[in-house]
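All remarks here apply to the structure that follows.
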Amino acid sequence: MTTIGKTMQDAMNEQINKEFFSSYLYLSMAAYFEDKNLTGFAHWMHLQADEEREHAMKFYNFILDAGGHVQLKAIDAPATEWKSNLEVAEQVAEHEAKVTASIHDLYELALKERDYAAQVMLQWFITEQVEEEKNAAELLAKLRLIEERGTAVLMLDHRLAKRGGEEGEDAE
């Protein structure tokens with residue numbers, strides 16, 4: 001049986017924590033939007049939170065499948081208040097860029113450690129982060145474009161409410 005190296009195992013356990021934090025962050029953002037009665041924005045954030053939890057579980061299962069030991073750590077509390085919808089979108093874009101950098105660091109480690117199984121698994125995440133950053137950038141660009149004008153925010157809220165749970169499932 002292939003055994004994951006300690007360095008890779010530790011780094012992936014850290015990534016599990018980062019992914020669960022991401023889920024918490026998006027769940028907090030969903031609550032923020034619920035409080036503002038922007039249920040479409042909240043829906044979008046709930047789906048993001050679910051995806052991040054799934055990402056954490058991919059790392060969790062990979063570690064176990066590779067003969068390693070999962071070590072769950074405390075999850076930092078996310079922010080709960082933002083000045084505006086635009087500020088939330090800016091934080092989403094910044095956060096996804098950090099996640100991408102973290103995935104790239106893991107891939108570099110997998111190359112250094114000659115962990116071929118991890119390299120293959122991380123390829124999925126590299127591709128996934130292209131989509132995540134694209135979605136975050138689109139949300140940010142739209143909010144910048146409308147400059148939080150009430151009617152336009154409601155229109156975007158309605159559109160975000162139609163996002164499906166699976167890739168390519170936007171209902172229009």
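The shown structure was predicted, so the numbers you read here are calculated from the model rather than taken from an experiment.
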Hey, could you give me the [atom1]/[atom2] distance between [X] and [Y], rounded to the nearest 0.5 Å?
X	Y	atom1	atom2	value
K112	T7	NZ	OG1	7.0 Å
Q119	I126	CD	CD1	9.5 Å
W44	L139	CH2	CG	5.0 Å
Q15	M12	CD	CE	9.0 Å
L122	T127	CG	OG1	11.0 Å
L25	T80	CG	OG1	11.0 Å

Partners passing side-chain contact (heavy atoms from CB on, under 4.5 Å) against [X] (at least two apart in sequence or in another chain):
X	result
L27	H46, A49
E14	K73
K142	L156, R159

Looking only at non-hydrogen atoms, find the nearest pair between [X] and [Y] and report the distance.
X	Y	answer
T100	E133	OG1-OE2, 2.5 Å
E34	A42	OE2-CB, 3.4 Å
A93	L140	CB-CD2, 4.0 Å
A118	A110	CB-CB, 4.0 Å
I16	A56	CG1-O, 3.8 Å
A89	L143	CB-CD1, 3.6 Å

Return the set of residues passing salt bridge (Lys or Arg N to Asp or Glu O under 4.0 Å) with [X] (not counting sequence neighbours), or none when no residue passes.
X	answer
D10	K6
E90	R144
E138	K134

Can you list the residues that meet the side chain to side chain donor-acceptor pair (under 3.5 Å) rule with [X], with sequence neighbours excluded?
X	value
Q91	W82
E132	Q48
K58	none
Y107	Q123

Item checked: Under 3.5 Å: donor-acceptor pair, side chain of S84, backbone of E87 -> yes
Under 4.5 Å between any side-chain heavy atoms of [X] and [Y], yes or no?
X	Y	result
F33	L160	no
L72	N13	no
F20	E52	no
V99	K18	no

Check: Got a sec, which pairs hit side chain to side chain donor-acceptor pair (under 3.5 Å) with one end in residues 21-31, sequence neighbours left out?
Finding: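 Every side chain to side chain donor-acceptor pair (under 3.5 Å) pair that includes a residue of residues 21-31, provided the two are not neighbours, is S22-H95, Y26-E96.
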Item checked: Sequence neighbours excluded - ring pair (Phe, Tyr, Trp, His ring centres under 6.0 Å) pairs with any residue from residues 57-77 ->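 Residue pairs with at least one partner in residues 57-77: F59-F125.
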Hydrophobic clustering (ILVMFWY, side-chain heavy atoms < 4.5 Å, transitive) - are [Y] and [X] grouped together?
X	Y	value
W124	I103	yes
M121	M57	yes
F21	V70	yes

Checklist line | More than 12 heavy atoms of other groups within 6.0 Å of H158 NE2 | finding: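 No, not enclosed.
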